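If you're wondering where the values come from, they're calculated on a predicted model, not measured in any experiment.
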Amino acid sequence: LVLGQPGSSSTSSAASTSQKTSTSTYTTTTSTSTSSSSSGSSNVSAKPSFPTAKASSVLPTDSDGTYYESNMLDNDTTTAWNSNSTSSGVTIKFSAASTQQVSAVRIMGGFCNNEQNYYENSRPKDITLSFDDGHTFTATLEDRPYAWQTITLSSPIQTKTVTLTINSAYAGSEWSDLAISEVQFT
């Protein structure tokens with residue numbers, strides 16, 4: 001699903017001051033919760049790698065487990081990052097030591113270790129993706145357990161950071177903390 005042209009002027013509901021803004025609401029592409037491995041040897045471009053994630057809020061470890069930012073990058077859909085009792089306004093900054101080429105961002109929102117936890121925790125709804133070159137994209141995610149949702153950029157972006165901002169959330173039935181199981185970059 002392709003987002004608008006980077007650098008185009010659009011009205012955005014996101015609280016962004018970037019000069020380069022694209023806005024899109026889209027229908028997601030859904031796949032199973034099991035990651036599909038693409039181990040083919042394509043020398044055209046390497047898969048982007050953002051090994052570091054830093055969130056503005058993290059739920060402390062408890063008897064049920066850990067909720068670190070690294071859980072979004074571990075290729076395990078049964079673990080999740082959780083914010084600490086905050087749903088909207090939370091930011092997560094993914095960083096790399098060198099410039100990466102990003103064409104798409106895949107998100108599995110919610111705590112996907114089981115359907116009960118998915119609905120008890122809040123899930124991302126309206127998000128903003130910001131890149132260090134000033135490009136900003138907004139999107140609306142669907143509320144679907146175990147669903148990979150792909151945000152495809154209209155053209156690749158060269159960046160060392162990707163910041164994901166949660167503008168609004170689907171409310172959890174039990175807790176206000178927000179969960180994301182996985183984030184991947186292509």
Side-chain angles (χ1 to χ4, degrees), residues 1 3 25-40 42 46-88 90-96 100 102-129 137 139-153 161-186:
L1 305 160
L3 290 180
T25 301
Y26 63 96
T27 306
T28 59
T29 303
T30 304
S31 63
T32 62
S33 64
T34 307
S35 298
S36 59
S37 173
S38 57
S39 57
S42 171
K47 182 177 177 181
S49 175
F50 294 90
T52 304
K54 179 68 177 158
S56 60
S57 175
V58 179
L59 187 66
T61 299
D62 62 21
S63 60
D64 291 327
T66 63
Y67 308 100
Y68 302 129
E69 299 97 321
S70 58
N71 289 350
M72 292 180 287
L73 302 171
D74 64 2
N75 292 314
D76 181 354
T77 59
T78 65
T79 65
W81 159 80
N82 282 60
S83 68
N84 190 13
S85 299
T86 328
S87 293
S88 60
V90 175
T91 60
I92 309 154
K93 185 174 186 177
F94 299 92
S95 303
Q100 306 291 307
V102 178
S103 298
V105 179
R106 298 179 70 212
I107 299 172
M108 184 177 287
F111 201 150
C112 293
N113 62 337
N114 64 57
E115 197 162 333
Q116 178 179 344
N117 275 347
Y118 179 85
Y119 287 109
E120 287 180 344
N121 291 274
S122 295
R123 289 90 52 207
K125 180 179 180 182
D126 295 307
I127 64 167
T128 300
L129 295 171
F137 297 91
T140 298
L141 302 177
E142 293 180 1
D143 192 15
R144 299 182 63 178
Y146 314 109
W148 281 107
Q149 300 186 60
T150 302
I151 303 158
T152 302
L153 308 178
T161 64
V162 178
T163 301
L164 169 62
T165 302
I166 309 302
N167 302 318
S168 67
Y170 297 102
S173 63
E174 188 72 26
W175 299 290
S176 62
D177 57 287
L178 184 126
I180 297 177
S181 287
E182 289 295 315
V183 176
Q184 296 178 346
F185 304 91
T186 58

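- Between atom OH of residue Tyr68 and atom CG of residue Leu59 there is a gap of 11.0 Å, rounded to the nearest 0.5 Å.
- Closest approach of Thr78 to Phe111, counting heavy atoms only: O-CE2, 3.4 Å.
- Annotation for Glu142 and Gln149: closest pair N-OE1, 2.7 Å, computed over non-hydrogen atoms.
- Asn84 and Asp177 form no side-chain donor-acceptor contact under 3.5 Å, judged by distance and modelled atom types alone.
- Closest of all the heavy-atom pairs between Asn117 and Asn114 is N-OD1, 2.7 Å.
- Put simply, the side chain of Thr150 never gets that close to the backbone of Arg106: no donor and acceptor are under 3.5 Å apart.
- There is no side-chain donor-acceptor pair under 3.5 Å between Tyr67 and Asn121.
- A centroid separation of less than 6.0 Å is found between the aromatic rings of Phe185 and Phe94.
- For Pro124 against Ile180, the heavy-atom pair with the smallest separation is CG-CG1, 4.0 Å.
- One distance of note links CG of Asp143 with CZ of Arg123; it measures 4.0 Å at 0.5 Å rounding.
- Counting only heavy atoms from C-beta outward, the side chains of Leu141 and Asp126 never approach each other to under 4.5 Å.
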Problem set entry | Working for side-chain contact (heavy atoms from CB on, under 4.5 Å), residues Thr79 and Asn113 | CA-CA 7 Å; Thr79 65; Asn113 62 337; over 6 Å; no
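- The line from OG of Ser122 to OH of Tyr170 is 12.0 Å long, rounded to the nearest 0.5 Å.
- If you take CD on Glu69 and OG on Ser56, they are separated by 9.0 Å, rounding to the nearest 0.5 Å.
- Counting only heavy atoms from C-beta outward, the side chains of Gln100 and Ser49 approach each other to under 4.5 Å.
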Exercise. When you look at Met72 and Ile92, which way does the side-chain contact (heavy atoms from CB on, under 4.5 Å) test go after all the steps?
Worked result: CA-CA 10 Å; Met72 292 180 287; Ile92 309 154; 3.6 Å; yes
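- Side-chain polar atoms of Glu182 and Asn71 form no donor-acceptor pair below 3.5 angstrom.
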Problem set entry | Full working for side-chain contact (heavy atoms from CB on, under 4.5 Å) between Val162 and Phe50 | CA-CA 8 Å; Val162 178; Phe50 294 90; 3.8 Å; yes
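- Atoms CG and OG1, on Leu164 and Thr128 in that order, are 8.5 Å from each other to the nearest 0.5 Å.
- To the nearest 0.5 Å, atom NZ of residue Lys47 and atom CD of residue Gln184 are 4.5 Å apart.
- Across Ala96 and Pro51, no two heavy atoms sit closer than the pair CA-CD, 4.1 Å.
- Side-chain atoms of Ser83 come within 3.5 Å of backbone atoms of Leu178 as a donor-acceptor pair (strictly under, hydrogens ignored).
- At least one side-chain heavy atom of Val90 sits under 4.5 Å from a side-chain heavy atom of Trp81.
- Considering all non-hydrogen atoms of both residues, Leu153 and Val102 come closest at CD1-O, 3.6 Å.
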Problem set entry | Audit row: Thr163, Leu129, side-chain contact (heavy atoms from CB on, under 4.5 Å) steps and yes/no | CA-CA 6 Å; Thr163 301; Leu129 295 171; over 6 Å; no
